[in-house]
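Here the structure comes first, spelled out in structure tokens, and everything after it is commentary.
In listed order, ligands and their atoms are each counted from 1. Every heavy atom of this structure was used, including side-chain atoms; hydrogens, water molecules and symmetry mates were not. One is the number of the first residue; the rest follow in order along the sequence.
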Amino acid sequence: MAYGQTGTGKTFTLGKLGEEDIAARGIMVRAMEDILADTSPTSDSVSVSYFQLYMETIQDLLFPGNDNIAIAEDPKSGDVSIPAATVVEVRDQKSFLELLRLGDAHRFAANTKLNTESSRSHAILMVHVRRSINGRNDSESSFPSDNGQSSSLVKSLRPPIVRKSKLVVVDLAGSERIDKSGSEGHMLEEAKSINLSLTALGKCINSLAEGSAHVPFRDSKLTRLLGTHLESLPAWVAQDNSMKKEAFSSYWLLSSLYLWLSSLCLGGGGYKLSWTGSWWSPVGG
Ligand SMILES: Nc1ncnc2c1ncn2[C@@H]1O[C@H](COP(=O)(O)OP(=O)(O)OP(=O)(O)O)[C@@H](O)[C@H]1O
């Protein structure tokens, strides 16, 4: 998951196709290269879905007509999925690059003061890998038939084991200081929506890091979608995240503003604040 201020290179790092310069391939392309190198078309299947979360709607980047996909939730397990998202089987790197190119062409971006191609949506790439395991070890596969001998027929009738795994790559839209990005009108609404969902994400990560009994996954679609994946974040990621630092700087900013306002109000009554070297303290009468 790439998180950071607008213009810091998230999309560049994750999504670059690297067609002109192979050394500039992004993480999505490199990850798929590794997966394809480690899978076999006879026993494995690799498929992808690619969608964006734009102003609290989920849109299919591989089939743009599918522009308001619902989230489904298993009432028993609580697992979240998006069944209507297009899933495309990937056979080789070339077909994957074409899918990425198609998806990127439909991603919302805008020219702001901080980034000429600022993403206005969060993009989520899901890679599903299924591997059929045909053979089982002897103790599992040979069990007696009626005549007391192990039956190869029974063995062959047993369903194959299928191992499933999933890679989720998230290119978050950048957090944005409106005064710096100069967003107005519709772009301002986009920026508000981006910042709100990032705040919801930060709250979930903090709750997970603190081991809270309640994690507010339901506060936004982004956190609903990523919920189960966030739970598997290693503890050090959750504890050393820049979102915490950002929350701290917002607190610091508000505290400074409060001190400054206090000094203005108190100044009229004969008070002034002076820096003692470690803290502001009131001086004068
Ligand atoms: N490592 C890099 N080397 C060269 N150019 C870079 C690098 N990282 C980013 N850039 C350039 O910086 C600009 C901003 O990068 P990018 O769009 O990836 O930022 P971002 O973090 O995704 O921004 P936003 O959150 O607004 O979408 C782009 O023009 C990109 O080509």
Option of least heavy-atom distance to atom 23 (O) of ligand 1 (set: Gly174, Gly7, Ala2): Gly7

Donor-acceptor side-chain pairing of Arg130 and Ser132 below 3.5 angstrom: no

Shortest protein contact, atom 2 (C) of ligand 1 (heavy atom only): Phe12 CE2, 3.2 Å

Greater than 12 external heavy atoms within 6.0 Å of Glu117's CD: no

Closer than 4.0 Å: a protein non-hydrogen atom to atom 29 (O) of ligand 1: no

Backbone or side-chain N or O of Asp171 under 3.5 Å from ligand 1 N or O: no

Heavy-atom donor-acceptor pair, Lys10 side chain to Asp171 backbone, under 3.5 Å: no

Glu98 and Arg101 ion-paired at < 4.0 Å: no

Which residue and heavy atom of the protein sit nearest atom 25 (O) of ligand 1, plus the separation: Lys10 NZ, 2.7 Å

Stepwise side chain to side chain donor-acceptor pair (under 3.5 Å) check, Arg131 with Thr39: CA-CA 8 Å; Arg131 167 164 293 178; Thr39 48; 5.8 Å; no

Heavy-atom nearest neighbour in the protein, as seen from atom 27 (O) of ligand 1, with distance rounded to 0.1 Å: Ser119 N, 2.8 Å

Non-hydrogen atom of Gly4 closer than 4.0 Å to ligand 1: no

OH (Tyr54) with more than 12 external heavy atoms under 6.0 Å: yes

Whether over 12 other heavy atoms sit under 6.0 Å from Arg91 CZ: no

Rounded distance [0.5 Å steps], CD in Gln52 versus CG in Asp67: 10.0 Å

Enumerated ligand 1 atoms positioned under 4.0 Å from heavy atoms of Thr11: 18 (O), 22 (O)

Test item: protein heavy atom less than 4.0 Å from atom 12 (O) of ligand 1: no

Protein heavy-atom partner closest to atom 17 (O) of ligand 1 - residue, atom, separation in Å: Asn115 ND2, 3.1 Å

Protein contact of atom 26 (O) of ligand 1 - nearest heavy atom, named by residue and atom, plus distance: Thr6 OG1, 2.5 Å

Polar atom proximity, Gly9 to ligand 1 (N or O, under 3.5 Å): yes

